[in-house]
Amino acid sequence: MKEGDVDRAFEIKNTMVARGIKLNLVTYNAIVHGLCKAGEMERAVNLINEMIEIGIKPEIQTYNYLIEAYSKEGTMDKVSEVLVWMNERNLPPSAYTFSAIINELSRTGDLEKSNLLLENMSARGIAPSVAIYTTIVKGYVKEAKFEEAMAILDGMWEKGISPDVFCYNSVITGFSKLRRMEEARTCFVEMRKKGLIPNSYTFGGLINGYIEIGNMEFAESYFMEMLDQGIAPDLYNYTSIIDGLCKNGNLTEAFSIFNRMLEQNLLPNVHIYSVLITGLSKNGKLVEAMRIFSKFSDTGLVADVYTYTSLVSGFCKQGSMLEALGFMMKCPKRVYIQIS
């Protein structure tokens, strides 16, 4: 809710009160929620106090809106304050309450407190959702604490809670970003054994990871496996594999995959055109690079500095200095172009 919408909501509320229309819990909750989303926390608290004064008892969700907003702001002292208010009114924290706090603690790396809250949930008889576990797993992955992340996954299975593909994606992608591909692959195999179906994000992490370590054989293998399983690659997947193939000098295969992408009605963006042009330029295929550049320009997309740099560099290597100068002058931001 925007600031203007909040003010309008208050106008309507005041008009209703002036006309003798009694507001109920649902109405107050809606306004409190809007205030919290707009970051108007003082007004939200004042409104809850107003509710109490006129005899409308806030419910757990009323306070949850405050907790979620304060958690996102990172003002955990305020979260503690709201929990005290809830306790004073004999309102126990719900799964939603715990989730909001755990999300923020995990995001900021306070995983010890996240786990304590997880244990607190279980002690109260509240079953943590898979989403809550995923948040903690992501927190451990972000801190590169993979043993702890895997321990969470193992613990979920032991408790009869089935991790979903998003849980495993977090770990696989984390391993891949650090180029720990054997561990990423092991996690992928385990996930499949558990009956979970990988998605384009799963394969994307593996493909990108293997490209980063220069293993195009495995990268292409996972890309083809994704296609064989009927999983449609997204633009990120296509860009990664095409970039890897271009850097490896396999332009024929890169364009074959590019054409497959076009058949899927996926529209190329600036990055993927830049990847193709750079690949062609570095391999001395300036005529083809210029053909792609012209097609690219006809779409209305604006080339970035990397595209211009690769073309200028290619012309310089061929000794075509006039063309190189021409492209340097065409670069829209007149940025510094480094010739390698």
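Note that the numbering runs from 1 along the sequence shown for the chain.
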Margin query: Taking side-chain contact (heavy atoms from CB on, under 4.5 Å) as the definition, give me every residue that meets it alongside Lys285, ordered by chain and number, with sequence neighbours left out.
Written below: Leu251, Leu280, Glu288
If you look only at distance, which donor and acceptor atoms sit under 3.5 Å apart when one is on a side chain in residues 50-67 and the other is two or more places apart or in another chain?
| unit_1 | atom_1 | unit_2 | atom_2 | d |
| --- | --- | --- | --- | --- |
| Glu50 | OE2 | Lys13 | NZ | 3.2 |
| Glu50 | OE2 | Tyr28 | OH | 2.8 |
| Glu59 | OE2 | Asn29 | ND2 | 2.7 |
| Gln61 | OE1 | Asn64 | ND2 | 3.2 |
| Thr62 | OG1 | Asn29 | OD1 | 2.6 |
| Thr62 | OG1 | Glu59 | N | 3.0 |
| Thr62 | OG1 | Glu59 | O | 3.3 |
| Asn64 | OD1 | Thr97 | OG1 | 2.5 |
| Asn64 | ND2 | Ser94 | OG | 3.1 |

Next item on the list: Enumerate the residue pairs fulfilling ring pair (Phe, Tyr, Trp, His ring centres under 6.0 Å) with a member in residues 148-200, sequence neighbours excluded, ordered by first and then second residue.
Entry: Phe146-Phe175, Phe188-Phe203, Phe188-Tyr222
Margin query: Once ring pair (Phe, Tyr, Trp, His ring centres under 6.0 Å) is applied, what residue pairs with a partner in residues 234-254 remain, sequence neighbours excluded?
Written below: Phe223-Tyr238
Check: Can you list every pair that meets ring pair (Phe, Tyr, Trp, His ring centres under 6.0 Å) and has a residue in residues 94-139, with sequence neighbours left out?
Finding: none
Item checked: All pairs passing salt bridge (charged side-chain N to carboxylate O under 4.0 Å, His left out) where residues 199-216 contributes a residue, at least two apart -> Arg179-Glu212
Note to self: Going by ring pair (Phe, Tyr, Trp, His ring centres under 6.0 Å), name the pairs with one or both residues in residues 239-281, residues two or more places apart or in two chains.
What the structure shows: Tyr273-Phe296
Next item on the list: Could I get the full list of salt bridge (charged side-chain N to carboxylate O under 4.0 Å, His left out) partners for Asp110, not counting sequence neighbours?
Entry: Lys113
Notebook entry, point to check: What residue pairs, at least two apart or across chains, pass salt bridge (charged side-chain N to carboxylate O under 4.0 Å, His left out) with a residue in residues 137-149?
Noted result: none
Item checked: Qualifying salt bridge (charged side-chain N to carboxylate O under 4.0 Å, His left out) pairs, either residue in residues 243-267, two or more places apart -> Asp243-Lys247
Next item on the list: Report the residues that fulfil side-chain contact (heavy atoms from CB on, under 4.5 Å) with Asn87, sequence neighbours left out, ordered by chain and then residue number.
Entry: none
Notebook entry, point to check: Can you list every salt bridge (charged side-chain N to carboxylate O under 4.0 Å, His left out) pair that touches residues 192-210, not counting sequence neighbours?
Noted result: Arg192-Glu225
